[in-house]
Structure formats: C-alpha cells, structure tokens
Protein chains: 2
Amino acid sequence: MQPRILVVEDEPAIQELIALNLEQAGQLPVLADSAEQALERIQEELPDLVLLDWMLPGQSGLELARRLRGDARTKRLPIIMLTARGDEEDKLRGLETGADDYITKPFSVKELQARIKAVLRRRAPEITDDAVEYHGLRLDPAAHRVTGKGKELAMGPTEFRLLHFFMTHTERVYSRTQLLDQVWGDHVFIEERTVDVHIRRLRAALSPSGHEAFIHTIRGSGYRFSRA
Amino acid sequence: MQPRILVVEDEPAIQELIALNLEQAGQLPVLADSAEQALERIQEELPDLVLLDWMLPGQSGLELARRLRGDARTKRLPIIMLTARGDEEDKLRGLETGADDYITKPFSVKELQARIKAVLRRRAPEITDDAVEYHGLRLDPAAHRVTGKGKELAMGPTEFRLLHFFMTHTERVYSRTQLLDQVWGDHVFIEERTVDVHIRRLRAALSPSGHEAFIHTIRGSGYRFSRA
DNA sequence: GGCGGACGTGACGGAATCGTTGCAGCCATG
DNA sequence: CATGGCTGCAACGATTCCGTCACGTCCGCC
C-alpha cells in the first residue's frame, strides 16, 4: 500500500521539491502550509507519517507536534522534523516532544528517503501484508484468503480490501469519504453511496460465519468494524 | 468548530481592526466596548476567549478580569490582555489577576493570532475527539460509542452530540438558546422547546444505566449535566 | 389552595439516511 | 466472440430521525 505522507512546510519551493521526491518514491504527498491546515489534513487524509518543518508562521512546529502527541488518535503518528542547520536547541526540544527523527536543512533526497523508510518500518503495523485476526475472523493478504469459524469466506477484490482495512482499523468510525480514500485510493471520483453497496456485499460474504455482525452502521457518520 | 472571541475595546478603530482579522482567521468576533457590556455578551454568547483592553472607560479591564475569575462560570475563561507599550506594571498586575497572556500595543496580526491559538490550545479540552468519562458514563467520539455500567447505550446523532456537549461542559447551567447554538450550530431557526424533546430522548437513551439522573432541569434557566 | 407559567410526554408528518436490488459496462478468460 | 465475474450507479422501499404541536403535569408564587 502507498503510504501517505503529510508535508507541513510554508515555503512553496521546498514543499514542491519534497512532494516531487515523494511521488517518485511511490509515496503519496499530502500538503499543508500551516499547523492549522495540517490538523485538518490529518483528520481528512489519515497520513502514515508527518514531515514537519520546525519554523512555521503562527503556531510553531513544536506546538503542533506536542498537540499531536497529546491526542489519542495521533499519539502514535510518526513525525520527522525538518530543522535549520545547527539548530541544536530545536533538535533537542523536538526529540523531547516526541518527534521520531530529524533532518537538518539542506538535506539530500537520499537521506530524506532513508529516514522515511526507517520510520515507516519502525512503526507500521497496518501497512504490512501480515495476516490479521480479530475475534475468530482471519484474513491473510499473502494467500488472499479469509476464514471465519473454519469456513472459507469468498468475496471480490474490493470487499477483500475493504475488510482488510476494517480489520486493521477496528473500533473506530470511518466516513464514506475516508473509506473511499483508504480502500479505493485517493482522487477517485466515485459516488459515496457505492460504499453502501460494497458494505452490503461484504456483509453477505461474511454471513456464513456470522461475522457480518461486526460491521456496524453509524447513522450520519459512517461505518465501524468492531465486536458487539 | 469556530471559536468565539469576545473583543473588549473602547476605541472603534482598533475594535474593527481586530474583528476583521479574527474573521479572516476563521474566528467569530463578539464585540463589547465596555466592561458592563462585556459581562452581558459573555452571558449570551459563551465566548471561548476574551481579548481585553486594559484601559477602559469606567470599570477598568483589571477589574473585569478579577470579576471573571471570581465567578465560577467564567473562572476558566481564557483572557488575553492588551496593554500599552512598556506598561510593565499593568503587565504584572494583569498576570497576577489571572490573564493567560498579554500583547503590547501596537501588535502585529501574526502575533495576535499566534497568542490566540496558543491560549485556545492550552485550554480547549472540548474541541478534541478524545473519549470523555464522567462518573461511570463513557463517551467515545472516535468509535461513536456511549457506555454506562458496561452497557452500550444507543441514541440518535443529535442526542449523541448533545451528550458530548454536556459531558465536556458539566456542572453548569445552559439555556435552551445556548444549547441550540452549541449543539445544533449557530444561525439555526429551531423552536426552543425542541430542546426539551431531545433532552427527553437523551434521558430515555441513558435510562438503561441509570445515568438519566445526571440531567437536571433548572426551572426557568435551562439544563445542567452533573452528578447529584 | 388556586393560578399561571414552565416543563414532560406522546404522537405525527416530513425529511434524511440507509439497505437492497437490478442493470449496464468493463475486463479477462477461454 | 461468448461467458462470467466484478464494479459502479440509479432507483425504490424501509427505516430512522427530526422538528413541531397538543395536551397533561408539575412547580413556584401569591
């Protein structure tokens, strides 16, 4: 899966440079040029990593990092900070606050990629292809197989990806828009109601083992995958 | 949610300047040009922050701040004071009285915004999506779930938002108008008595765990959410 | 104790949301 | 080219929810 990387940077030139490099490396850049906008994007796009410039207009990067660490939903969101060269004080405070790594400007493309890969590898339980299990339901991405209560459950590719996302993101509500972004991919033009149809197909596919009950409709908000 | 910011300033020119800047930053300015008017506006509008000029006709800003700190309902209302340049004495007394921050005139728009954001972030437990707990009742916005005494409590979207507001604003009376503004959103045209109906529905939804008793009717004033 | 206003409660029409179905288009496969 | 599986869409029906009203009840005040 293509990792989403939020780039928080107020200088357009650097922002574009980084975005280009990320795209070439098969990653999906999400852009923000202020801390406020960053918070919005995080809510909307659910990035896997944040590249955070330390010097921002208004709210500083330090404060944003602190806030992300304070929120339960973003507590484990990896942060790589971009600091001016030799700004040792920022570096220290940054690591204290909870940044996972730092890069001093100017930096090379290779170095950036190396650190991104390292951080993503360190904490990315959800992007892996490991088999997932949840209360008697088992999904194996490598074998493309789903089993529940010993029975093999057949479904289409889209239902499979949808279930995979749900099983790695349980106990939380996702809107139709978020599901489209996460399961179908960004920038697709698909009717939101189509999600409903695939939810129905997934429910039908899970019914032989009774696990269809794990898919909860949250009226007005979206869907949640959880036991009971 | 759009934060409301009360601007207490007697000079029309400065007042307008600040109001304009706040609007551009996505905030909702509420205006008052005297301490007396400020008290009224606070009661009506429930601002999230007060920008307070230190030099006011009649009752001074200092006295207003002291009064706000003395009242239980406004004890935790953030205050940023505006002082003349170099007026160190005012600065000290202001911080002693309980102002959260200060800005010396003349100030830049950026600085103003930075301090506003900082103060709002410091005390804004209500804007987050973190789970809330109150005497055995638990509400999780991310999972969109309410549990009391181990039982899951089902309710409609409006009841959920209403309960969320109550659980983040306990121990205080809110009028029907205030509840409409805060839970339904500003500028809605809804009968005040409709609040009663949703209060009833929320009580019914909470009854399985007995937490309906937390909703108190304050005859002639509104409702309060609190234990006993 | 009576009176007036405020509140609780049940019901109802309309609107919004969601489940379900059938279908047409697409692609791969043989 | 025929077939079959899969996808996205539109449409319909069912359900839930919302805001309002009417009526009954309760409370405080004189």
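Within every chain, numbering begins at 1; the chains are lettered A, B, ... in the order of the sequence lines, protein sequences first and strands thereafter. Excluded from the calculations below are hydrogen atoms, water molecules and symmetry mates; all remaining heavy atoms, backbone and side chain alike, are included.
- With A/Glu171 contributing its side chain and A/Ser226 its backbone, the two residues share no donor-acceptor pair below 3.5 Å.
- Aromatic ring centres of A/Phe166 and A/Phe214 lie farther apart than the 6.0 Å criterion allows.
- Within residues 220-228 of chain B, no residue places a heavy atom under 4.0 Å from DNA chain D.
- In this structure, B/Asp48 contributes its side chain and B/Arg4 its backbone to a donor-acceptor pair below 3.5 Å.
- Within the nucleic acid shown, B/Leu180 has no heavy atom closer than 4.0 Å to any nucleic acid atom.
- Between A/Leu179 atom CG and D/dT7 atom C1' the separation is 17 Å, expressed in whole Å.
- Residues forming a side chain to side chain contact (heavy atoms under 4.5 Å, CB included) with A/Ala205 (at least two apart in sequence, or on another chain): A/Met155.
- Nearest nucleotide to the A/Thr158 side chain, out of D/dC17, D/dT7, D/dG19: D/dT7.
- B/Val8 is not listed as a side-chain neighbour of B/Leu51, based on a closest heavy-atom distance of 4.5 Å or more.
- Between B/His169 and B/Phe225, the ring center distance fails the sub-6.0 Å criterion.
- Chain B approaches DNA chain C within less than 4.0 angstrom (heavy atoms of the protein), and the contacting nucleotides run 5' to 3' from C/dG5 to C/dA11.
- In this model, the phosphate group of D/dG8 is approached by a side-chain N or O of A/Trp184 to a distance below 4.0 Å at OP1 or OP2.
- Using a 4.5 Å cut-off on side-chain heavy atoms (C-beta onward), B/Leu137 and B/Met167 make contact.
- In terms of the side-chain hydrogen bond (donor to acceptor under 3.5 Å, both in side chains) criterion, B/Tyr174 has no residue partners (sequence neighbours excluded).
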(message) For a ring pair (Phe, Tyr, Trp, His ring centres under 6.0 Å) check, start with the C-alpha distance between B/His216 and B/Tyr223, then their side-chain angles and the critical distance, and finish with the verdict.
(response) CA-CA 6 Å; B/His216 303 275; B/Tyr223 295 94; over 10 Å; no

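- With rounding to whole Å, A/Met155 atom CE is found 11 Å from D/dC6 atom P.
- Side-chain N or O atoms of B/Gln37 include one that pairs as donor or acceptor with a backbone N or O of B/Asp33 at under 3.5 Å.
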(request) Go through the steps for A/Arg145 and A/Glu152 under the test salt bridge (charged side-chain N to carboxylate O under 4.0 Å, His left out), then give the verdict. (result) CA-CA 8 Å; A/Arg145 228 179 200 191; A/Glu152 173 140 10; 3.4 Å; yes

Scan nucleotides 14-16 of chain D against the protein and return all N/O pairs shorter than 3.5 Å with their distances rounded to 0.1 Å.
unit_1, atom_1, unit_2, atom_2, d
D/dT15, O2, A/Arg219, NH2, 3.4

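- Taking atom CG of A/Leu162 as the reference point, atom C1' of D/dG8 lies 14 Å away to the nearest angstrom.
- By the 4.0 Å N-to-carboxylate-O rule, B/Asp196 lies close enough to B/Arg176 to be salt-bridged with it.
- Here D/dC6 presents its P atom at 17 Å from CD1 of A/Ile190, a figure rounded to the nearest Å.
- Surrounding CD of A/Glu16 are at most 12 heavy atoms belonging to other residues, nucleotides or ligands under 6.0 Å away.
- Applying a 4.0 Å cut-off to non-hydrogen atoms, the residues of residues 191-217 of chain A that approach DNA chain D are A/Glu191, A/Thr194, A/Val197, A/His198, A/Arg201, listed by residue number.
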